[in-house]
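Bear in mind the structure is a predicted one, so any value in this text is a computation, not a measurement.
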Amino acid sequence: MTIDALCQSVIEKLDTAHQGRQLVALSGAPGSGKSTLSAPLAKALTARGLKAEVVPMDGFHLDNRLLQTRGLLARKGAPETFDLHGFMRLCRALKQADHVVYPVFDRERDIAIAGAAEVGPDCRVAVIEGNYLLFDAPGWRDVAALWDVSIRLEVPNQELEARLIQRWLDHGLDHAAAVARAQGNDLANARAIDAARLPADLVWRAASAFET
């Protein structure tokens, strides 16, 4: 299924008469393609008269120094390694305020940068992308209540593992280290997401299958 078809399905589920900003959640495991899908979806929504911008959850990674103190550095990317309450405040602000400043994550430097991006009053739809947007766990399920439309990305396990290994190879790890990183942390997070997932309004599958 095409981006245009996904866009149309999202629009059909939004309240297009609503004057405030609405939130579309794009949720999926690490490596599922959230960043790849979010930008063209926002572009398609904008082309149809609903100005949309992508807001990644990754800006709420806890800093490595804090993770080190908590003994969580090796688990970076797990639910407990994010500033959940800060992220929830952002999502509420996006629904209530015209101007909202938020942090972004610099993957090359492995740090979150405060105040690095802004959503303005012309943005009618914020496409929020992140791992745990449909995660059935304390705190996270409260965030899920804020979504106007939710989308889950689904990728077969074998394909997901290959993508994650390639991601770490692209970041300069050798093959053994890339496999260890993918299998030891990323895929563990993917399994946790799959085991505690809330219902989604729409499902986008890697093989381009699509269902509502």
Side-chain angles (χ1 to χ4, degrees), residues 1-28 30-63 66 77 79 81-135 139-153 198 200-202 204:
M1 186 60 67
T2 65
I3 290 290
D4 283 342
L6 176 62
C7 177
Q8 181 59 37
S9 293
V10 169
I11 290 173
E12 289 172 358
K13 293 182 179 298
L14 288 172
D15 179 2
T16 55
H18 181 62
Q19 294 304 305
R21 188 179 295 120
Q22 297 182 80
L23 307 185
V24 174
L26 192 57
S27 181
S32 59
K34 299 180 296 296
S35 299
T36 302
L37 182 59
S38 58
L41 175 58
K43 183 177 179 180
L45 287 165
T46 299
R48 297 200 183 195
L50 289 172
K51 178 68 167 65
E53 296 183 29
V54 178
V55 179
M57 189 187 85
D58 279 357
F60 290 88
H61 276 290
L62 294 178
D63 188 79
L66 185 55
T81 67
F82 286 90
D83 176 11
L84 168 58
H85 297 295
F87 178 60
M88 187 179 296
R89 286 193 295 270
L90 169 69
C91 294
R92 288 173 175 158
L94 285 168
K95 302 201 82 160
Q96 298 167 358
D98 288 340
H99 292 272
V100 181
V101 174
Y102 63 92
V104 299
F105 189 68
D106 186 326
R107 190 172 293 276
E108 292 300 319
R109 291 189 288 167
D110 198 30
I111 58 171
I113 304 173
E118 180 180 16
V119 171
D122 60 336
C123 175
R124 296 192 58 198
V125 178
V127 179
I128 301 177
E129 59 104 340
N131 294 349
Y132 302 106
L133 307 186
L134 293 171
F135 191 51
W140 293 102
R141 66 175 67 99
D142 298 326
V143 178
L146 297 172
W147 312 141
D148 295 284
V149 181
S150 60
I151 306 166
R152 174 182 292 109
L153 280 69
L198 293 166
D201 296 315
L202 303 166
W204 176 277

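Among all heavy-atom pairs drawn from D15 and Q22, the shortest one is O-NE2, 2.8 Å. Counting all heavy atoms, side chain and backbone alike, M88 lies closest to L146 at O-CD1, 4.4 Å. Between R152 and A200, the closest heavy-atom pair is NH1-CB, 3.6 Å. Across every non-hydrogen atom of A114 and P103, the tightest pair is CA-CB, 4.0 Å. Among all heavy-atom pairs drawn from R21 and D98, the shortest one is NH2-O, 2.8 Å. P40 approaches T36 most closely through the heavy-atom pair CD-O, 3.0 Å.
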Listing, residues 115-127 side-chain donor-acceptor contacts under 3.5 Å, not counting sequence neighbours, or none:
from: E118; atom 1: OE2; to: H99; atom 2: ND1; distance (Å): 3.1
from: R124; atom 1: NH2; to: T16; atom 2: O; distance (Å): 3.1
from: R124; atom 1: NH2; to: H18; atom 2: O; distance (Å): 3.1

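Taking CD1 of I128 as the start and OG of S150 as the end, the distance is 12.0 Å to the nearest 0.5 Å. The distance from atom CH2 of W204 to atom OG of S9, rounded to the nearest 0.5 Å, is 10.0 Å. To the nearest 0.5 angstrom, F87 atom CZ is 7.0 Å from F60 atom CZ. The line from CG of N131 to OG1 of T81 is 9.0 Å long, rounded to the nearest 0.5 Å. Here T2 contributes atom OG1 and Q8 contributes atom CD; the two are 10.0 Å apart, rounded to the nearest 0.5 Å.
K43 NZ: 12 or fewer foreign heavy atoms inside a 6.0 Å radius.
Side chain of Q96 to main chain of L94: no donor-acceptor pair is present (N/O by atom type, distance under 3.5 Å, no hydrogens or angles). Between the T46 side chain and the A52 main chain, a donor and an acceptor come within less than 3.5 Å of each other. Although no hydrogens or angles enter the test, the distance criterion places a donor-acceptor pair under 3.5 Å between the side chain of D148 and the main chain of L23. Without hydrogens or angle criteria, W147 side chain to L133 main chain gives a donor-acceptor distance under 3.5 Å.
Applying the salt bridge (charged side-chain N to carboxylate O under 4.0 Å, His left out) test to R48 and every residue at least two apart in sequence or in another chain returns nothing.
The aromatic rings of Y132 and W140 sit tilted relative to each other, their planes meeting at an angle between 30° and 60°.
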Between V24 and K13, is a side-chain contact (heavy atoms from CB on, under 4.5 Å) present by the stated rule, with each step listed? CA-CA 10 Å; V24 174; K13 293 182 179 298; over 6 Å; no
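The stretch residues 103-129 participates, sequence neighbours left out, in these ring-ring contact (aromatic ring centres under 6.0 Å, His included) pairs: H61-F105.
Counting heavy atoms from C-beta on, the side chains of L37 and E129 never come closer than 4.5 Å. Side-chain contact check for L41 versus I151: some heavy-atom pair is nearer than 4.5 Å.
Checked options L153, V10, L26; the residue passing with L202 is V10 (criterion: side chain to side chain contact (heavy atoms under 4.5 Å, CB included)).
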